[in-house]
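What follows is one structure encoded as structure tokens, with my remarks underneath.
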Amino acid sequence: MSLSLDFIHHIRSLQKTYRGTSPDRLLLGKGSLSREERTALALQLTAEPTLHKKLPSWHTAGVFLPSSLTLEQCSSEEAARYKARFASPHDRLLDLTGGFGVDFWALASVTGEGIYVERQADLVAAARANLPRLLPSARLTLLHGESLPLLPELIATHRPTLIYLDPARREGADTTRRVYAIEDCEPNLHTLLPELTALYRTLEAPLPRLVVKLSPMLDVVHTLRSVAGVQELHIVSVRGEAKELLLLIDLNKCSEEAKPEAVTFVAQDLHPTHPTPAFVLPEALAEEERAVLSYTEQPRAYLLEPHAALMKTGLFRSIGAIYHLEGLHPNSHLYTTDTLPEASFPGRVFAVDAVYPFASSQLKTLGKTIGAAQITCRNFPLRPEALRAKLRIKDSAAQTLFGTTTAEGEHVLLLCRRL
């Protein structure tokens, strides 16, 4: 059944009436509700806890969710609000891949206006119901259709100064590959960027800024080598998990060869209780080539672990050089020092309380000594759950046990306290 605004408003009213009712009971089919009503209503009730956690402002506004997959795939509120930095009140916004509208909402909250284009009818219906509630004073144009065929008319009519898109992995692409290429995504940036440039130059209009959201599973260096005009790469993690790559593209330079070594990297972890500063490095890949990182035979007084976004940059020598740290091993990506950096480190910082050699014969005895701890393994032969089973220790936030490898190739366990 195709969604209509009347149906969406009807389900919203039913949601108030049935709040507290078990979704499973609704789906059994008892009562006067139709199958379509029961299915849509059960989805709203089931999704409420996740919606409240992932999109609290949207939950408060009472939005309609067209499918569970929509909520799973959309940006979190923290990640969406991060994108607002790319917009200004003077921008005319065009979102070519509107989706559920979360990123569009964040950008349009700054611009005060925007054009949203989406090819899936149910997502458009949900956006037409939700976005006016979320942005009641904004001037929004919400279109159902394929964005690329509409592009000439959209550019000629609206002259957007900020264009946003979220290319999806192309249907038929190998979904089993964890790391894939931008060539596997659509819209295809390799054809879109020249088309946009040509359209604007035909109109003799200033070229817009382009913000592209990509999956963190994409290979960073390959992406920068294959896309010209990239000025900034933003890597965003949410609560310690890498979530997205953002490219800020200057269309004026898209006719030139890609210059990945000139791109500024920005790594940011978004966490409500453990805020960390952004890591910003101009000409990051060039700096990484020049950086020198020394490795220590033994851990020092402090252990430092970069957050997920910083790890995704791959700038492991630069991290150590900038913060005057030593590495434990080229593949461990953990750092150590006797003197903490003056600048706040973008990641977790620990005091090292004890260093134990990893010896299978001593693990049970060692487990009794440690008692309880969180476990993290980096460049280590066991996964955290396997190491916990061998030590027979419980989980505890009071201390963290790192399983890792030193520069000498020795497997060690580091018992640490977070600072």
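Keep in mind that what you see is a predicted model, and the values were worked out from it rather than measured.
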What I'd like to find out is whether the side chain of [X] reaches to under 4.5 Å of the side chain of [Y], using heavy atoms alone.
X: R392; Y: K364; result: yes
X: T264; Y: E283; result: no
X: V212; Y: P167; result: yes
X: L414; Y: T404; result: yes
X: F279; Y: I235; result: no
X: I182; Y: D219; result: no
X: H307; Y: R348; result: no
X: F265; Y: L315; result: yes

Worked verdict on L247 versus L214 for side-chain contact (heavy atoms from CB on, under 4.5 Å): CA-CA 8 Å; L247 304 182; L214 300 170; 3.7 Å; yes

Looking at [X] and [Y], would you say the former's side chain and the latter's main chain have a donor-acceptor pair under 3.5 Å?
X: S147; Y: L96; answer: yes
X: T202; Y: A198; answer: yes
X: R417; Y: A398; answer: no
X: S332; Y: T405; answer: yes
X: D338; Y: A301; answer: yes
X: S237; Y: G240; answer: no
X: K54; Y: E72; answer: yes
X: T313; Y: A309; answer: no
X: R128; Y: A125; answer: no
X: D95; Y: T97; answer: yes

Is the distance from the ring center of [X] to that of [Y] below 6.0 Å?
X: F350; Y: F402; result: yes
X: Y335; Y: Y323; result: no
X: F100; Y: W58; result: yes
X: F86; Y: H234; result: yes

Set of residues satisfying side chain to side chain contact (heavy atoms under 4.5 Å, CB included) with respect to V352, sequence neighbours excluded: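 V352 satisfies side chain to side chain contact (heavy atoms under 4.5 Å, CB included) with L303, V355, C416 once adjacent residues are dropped.
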
Applying side chain to side chain contact (heavy atoms under 4.5 Å, CB included), name anything that partners A61, two or more places apart in sequence or on another chain.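 By the side chain to side chain contact (heavy atoms under 4.5 Å, CB included) rule, A61 matches V63, L134.
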
Nearest heavy-atom pair of [X] and [Y]: which atoms, and what distance?
X: P160; Y: P208; result: O-CB, 3.4 Å
X: R300; Y: T336; result: N-OG1, 2.7 Å
X: L140; Y: A108; result: CD2-CB, 4.2 Å
X: H333; Y: M311; result: O-CE, 3.3 Å
X: H329; Y: T406; result: CD2-O, 3.0 Å
X: G327; Y: L293; result: N-CD1, 3.8 Å

[X] and [Y]: side-chain donor and acceptor closer than 3.5 Å?
X: E288; Y: S318; result: yes
X: E183; Y: H222; result: yes
X: Y164; Y: D103; result: yes
X: R81; Y: S57; result: yes

Please determine whether salt bridge (charged side-chain N to carboxylate O under 4.0 Å, His left out) holds for the pair E186 and R119, giving the CA-CA distance in whole Å, both sets of side-chain angles, and the decisive distance to 0.1 Å. CA-CA 13 Å; E186 59 179 359; R119 63 185 179 182; 3.7 Å; yes

Does [X] have more than 12 heavy atoms from other residues, nucleotides or ligands lying within 6.0 Å of its [atom1]?
X: E342; atom1: CD; value: no
X: R225; atom1: CZ; value: no
X: R133; atom1: CZ; value: yes
X: H52; atom1: NE2; value: no
X: E297; atom1: CD; value: no

Give every residue pair that meets the ring-ring contact (aromatic ring centres under 6.0 Å, His included) criterion with at least one member in residues 195-218, sequence neighbours excluded.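 Of all non-adjacent pairs touching residues 195-218, none passes ring-ring contact (aromatic ring centres under 6.0 Å, His included).
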
Salt-bridge contact [X]-[Y] (side-chain N to carboxylate O under 4.0 Å):
X: E48; Y: R19; answer: yes
X: E287; Y: R317; answer: no
X: K243; Y: E241; answer: yes

Verdict with supporting geometry, H10 and Q15, side-chain hydrogen bond (donor to acceptor under 3.5 Å, both in side chains): CA-CA 9 Å; H10 174 58; Q15 190 173 351; over 6 Å; no

Begin from the C-alpha positions of K213 and S75 and carry the test side-chain hydrogen bond (donor to acceptor under 3.5 Å, both in side chains) through to its verdict. CA-CA 10 Å; K213 172 185 170 182; S75 294; 2.7 Å; yes

Salt bridge (charged side-chain N to carboxylate O under 4.0 Å, His left out), that's the test. Do K390 and E385 meet it? Break it down for me. CA-CA 9 Å; K390 286 182 175 295; E385 56 271 21; over 6 Å; no

For a side-chain hydrogen bond (donor to acceptor under 3.5 Å, both in side chains) check, start with the C-alpha distance between D91 and T161, then their side-chain angles and the critical distance, and finish with the verdict. CA-CA 6 Å; D91 274 321; T161 60; 2.7 Å; yes

